[in-house]
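Here is the structure we will look at.
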Amino acid sequence: MDTQPLIDRCERLYRDIDLGYVQAWKQRTGGKAIGHLPVYVPRELIHAAGLLPVGIMGGGDDVEIIRGDAYFQSYICHLPRSTVELGLAGKLDCLDGMLFPAICDVIRNLSGMWQMMFPDKYTKYLDFPQTFNDAGREFYRLEMAELLLELEGLSGIRATPERLNRSITLYNANRRALAALYDLRAAEPHRIPTSELYLLQRAGNVLEVSEHTAMLHEYLAAARVSHRPQRDNVRVVATGLFCEQPPLSMVRAMENSGCYIVDDDWVLGARYQLGDTPVGDNPLAAIVDAYMNGTVATATRYVEGDDKGAFLVEQVRRRHAEGVIFAAASFCDPALLDRPMGQKALAEAGIPYTAFTYSENTGQVQVIKEQAGTFADSIKLWGAVS
Amino acid sequence: MSSAEVLKEESMVLQKKMLGEHFDTLSKSRENGRKVVYTFVPGNLNELILAFDLLPVHPEVNALQSGMRKLSGDYIQEAEKHGHSEDVCTYVKCDIGMLKKGNIGPTGEKLPPPDLLLLSYTGCFTFMKWFELLKQEYGCPVVMLQVPYQADGRITASQRAFVARQLRDVVVPALEQVSGKKLDEDRLRELLASSARAEDDLVHVWESAKHKPSPIDAYFGGVYYIGPIFTAFRGLPVCEQYYRSLRSEVDYRIAHGMGPTTPEGELRQQKYRIVIEGPPNWTSFREFWKIFSDEGVVMVASTYTKVGGLYEQGFRHDPDHPFETLAEYCLGCYTNRSLPTRVDILAKYVEEYEADGVLFNSIKSCNSFSAGQLMMLRELEKRTGKAGAFIESDLVDPRYFNAANIKNRLESYFQMLEAKRQAA
Ligand code: SF4
Ligand code: SF4
């Protein structure tokens, strides 16, 4: 099967800053839609309350910033300014509310700006536990119960246990399909160009979950038998891109530089949870437990214990990667403060790395391509240290 | 020597002595078998730390002191040499650079390494990263107290319960372990009661700025006034003594129609009363202050001096409910307030302190303060009708203090205030 039309559709969705899909969905179903910023939100809850969760990840490189810059100093990352731009330009009008997950001070403060900018819209800051004990669990349970009540109020649909279980099942299937794609890319990277996988993931920001899962399956089936030439690329993990997203041109530049990206952390929310959420009598508790018991270690999360960086090293090992690219959004405190710790863990494990910064509208992809290319060459020449 | 000068000096002399003794005790902590806890200023648990007879160290205070002593530039570069990005909070880099260069504290004596890192993370995510980094450097245990954010402008029951429960379940056991002592709740209550008395006096000092002329500068002077209560001394008799003495000095100045003391002497001619948002620059602190005092500007209220508690809004440590009061304290610090609340607070200051304008010192390092400040300024101008100004600098990175630029901006701002006044 030719996957090009499917990828073309994903690219159209990626570039559609007017959220045409969301508008059409609302018209078709009469339902409401809720935007959420990166990284993670429990989309099952939104879905069970009959709402369409819509991932808003800044404006990418297609949005001209006219108003947004007046809201942020030059030393603040790009994502909030393009998000404000989209909001003020009316591009997010089809969203009936916005969720701001607790990931950094910028997003946190943006939630307050949103309250002031759009006083008539539902705006919610979601605090997540950073402490993975009983106190954290109880707090999170109460937070989620409150969120669910508010979402139900917004949609007028009660998220019964049946509805919650159905949403859990749908998101489990979505996570599995994505995991299968990631596994296949790691095993045979030439079958799944990273830029295509990226577009598929970005499509999941807007598409209704079952439609997205079907799309992933369709692509997966085709990829398994695809005939693309295998290149002599080095295998790398890309990390640090969990919030402000790289522009498609940068993803393409990275993969055309002689690197096979065999794991990454962009559009991380969809892969934040490591396993399934069990279906059962108390689905809300199951969603809470899934968060508490098995999520990824990313820079926006506090890592208890002495194994800082262990997650990254493990990821490299599991994916048989030969090196790591630290790509952080400029001025992204979580990513940049985390970086030396990740690098220390890699150095101790003898894994080479390189690092650069970018922004969602970065025009400097040639520089990035060259840096990634030099990194790939050095690995080919000298090999990984161990 | 006039009685005014004697009075002026008493609290400053006392603070200097307190700090000297504290750092001396710290440097001898190993010999004396005292255990050391590193912890952060906003929402700190000083009474609890003292109840276990532990000695606190505040990395931000070390950083700001390094800034004032012109050492921070080297420290920051040292951290950058070790792979830290140019783009992140310079307090963290200054602290790490200081550590790499021998961990010599502000009094020239070596600081002891921590026996515990008490990560009470209030109002800023960077604190988490900071102690993750220090944990790698020191290899000591860390205990985390998560303080949720007041996103809806109020403390919810579940937030209060969450913090109090962590204190009981996690923080107290960790402190018991490191100190080898059981918590003495009576001692904790005593300390909390003492804090409340000092807090009363501090509020009196802040509110004195409603007088004209203001007897204090609530920012440049204010950063000294918060020293004892935001750090190692809250809960101790000497802290109460400090605030009693400060209060009487301020009362004396009111009674004699006096202004605050600046590095250039008493600020008598107070031309403009300004409310200020954001931390100061420490590397050129005096130069920064002088720009204002030369123009007869007095800061009548500031938000930076509330990062360790908004006492003037009524909060006092309550000895009858030790855990709940500590929880409420942590939750209530300034940077843990939502942006709309921060605008409310500033608007109230402008009104209550009859300010002529509001100034934002936007700090490159500090997203917690800075992200959203441009919008806050706009909202404030709308709500108060007062003119606002926006300048940019950094806490401890001398590369980001451009005196000429700041001066230029402020000069035009003061001219605008003057023009507004003439027109009124
Ligand atoms: S890119 Fe980094 S600093 Fe910016 S909003 Fe995202 S996490 Fe925060
Ligand atoms: S970002 Fe701001 S509040 Fe946070 S540690 Fe740095 S200076 Fe302090």
Does NZ or CZ of B:Arg378 come closer than 6.0 Å to the centre of the six-membered ring of A:Tyr71, within 45° of the ring's axis? yes
Most heavy-atom pairs under 4.5 Å with chain B, out of A:Ile103, A:Thr123, A:Thr300, belong to A:Ile103
Apply side chain to side chain contact (heavy atoms under 4.5 Å, CB included) to residues B:Tyr149 and A:Asp105 and explain how you reach the verdict. CA-CA 10 Å; B:Tyr149 182 57; A:Asp105 297 316; over 6 Å; no
Structural part of A:Ile76 lying under 4.5 Å from a heavy atom of chain B: side chain
Please flag which part of B:Leu119 lies under 4.5 Å from any non-hydrogen atom of chain A: side chain, backbone, both or neither. side chain
Can you tell me how far the OG1 atom of A:Thr131 sits from the CZ atom of B:Phe162, to the nearest 0.5 Å? 5.5 Å
If I measure from the heavy atoms of chain A, does B:Gln159 come under 4.5 Å with its side chain, its backbone, both, or neither? both
Comparing A:Ser74, A:Pro80, A:Cys332, A:Pro129 against chain B, the one with the most heavy-atom pairs below 4.5 Å turns out to be A:Pro129
Return yes if some donor-acceptor pair links the side-chain N/O of A:Asn109 with the main-chain N/O of B:Ala371 below 3.5 Å, else return no. yes
Inter-residue atom distance B:Gln373.CD - A:Phe72.CZ, 0.5 Å rounding: 11.5 Å
Contacting moiety of A:Phe100, where chain B heavy atoms sit under 4.5 Å: neither
Taking B:Ala151's backbone N and O only, do any of them form a donor-acceptor pair with A:Gln115's side chain (distance below 3.5 Å, no angle check)? yes
Without swapping roles, check the side chain of B:Glu132 against the backbone of A:Lys308 for a donor-acceptor pair under 3.5 Å. no
Region of B:Val163 in contact with chain A, defined by heavy-atom distances below 4.5 Å: neither
Quick one: closest heavy-atom pair of A:Leu336 and B:Asp87, and the distance? CD1-CB, 3.7 Å
Checking B:Lys135 side chain against A:Glu304 main chain: does a donor-acceptor pair fall under 3.5 Å? no
Quick check on B:Leu167 against chain A: is it the side chain, the backbone, both or neither that has a heavy atom closer than 4.5 Å? neither
How many angstroms lie between CD in B:Gln150 and OH in A:Tyr125, if you round to the nearest 0.5 Å? 12.0 Å
Between B:Gly83, B:Ala164, B:Pro340, which has the largest tally of heavy atom pairs under 4.5 Å with chain A? B:Pro340
From A:Glu146 CD over to B:Ser158 OG, what is the distance, rounded to the nearest 0.5 angstrom? 7.0 Å
Below 4.5 Å, heavy-atom pairs only: which of A:Ser111, A:Cys77, A:Ala102 has the largest tally toward chain B? A:Ala102
Derivation of the side chain to side chain contact (heavy atoms under 4.5 Å, CB included) call for B:Gln146 and A:Tyr302: CA-CA 10 Å; B:Gln146 183 185 353; A:Tyr302 175 67; over 6 Å; no
We want to know whether B:Ser362 and A:Gln73 form a side-chain donor-acceptor pair, criterion being a heavy-atom distance below 3.5 angstrom. yes
Name the region of B:Met128, side chain, backbone, both or neither, that has any atom closer than 4.5 Å to a heavy atom of chain A. both
Max heavy-atom pair count under 4.5 Å with chain B, selected residue of A:Leu337, A:Asp338, A:Asp127: A:Leu337
Between the main-chain N or O of B:Ala161 and the side-chain N or O of A:Glu138, is there a donor-acceptor pair closer than 3.5 Å? no
First locate atom CZ of A:Arg108, then atom CG of B:Leu339, and finally report the distance between them rounded to the nearest 0.5 Å. 8.0 Å
Can you confirm whether B:Arg409 is buried at CZ, in the sense that more than 12 heavy atoms of other residues, nucleotides or ligands lie under 6.0 Å from that atom? no
Which one wins on heavy-atom pair count under 4.5 Å against chain B: A:Met116, A:Arg301, A:Met117? A:Met116
What's the verdict on side chain to side chain contact (heavy atoms under 4.5 Å, CB included) for A:Cys104 and B:Asn367, showing C-alpha distance, side-chain angles and the deciding distance? CA-CA 9 Å; A:Cys104 76; B:Asn367 285 346; over 6 Å; no
Atom group of B:Phe131 that falls short of 4.5 Å from chain A, counting heavy atoms: neither
Counting heavy-atom pairs under 4.5 Å with chain A, the top scorer among B:Pro148, B:Pro141, B:Cys366 is B:Pro148
Output for pair (B:Ser370 OG, A:Tyr75 OH), nearest 0.5 Å, gives 4.0 Å
Highest number of heavy-atom pairs under 4.5 Å with chain B: which of A:Ala355, A:Ser330, A:Pro334, A:Ala70? A:Ala70
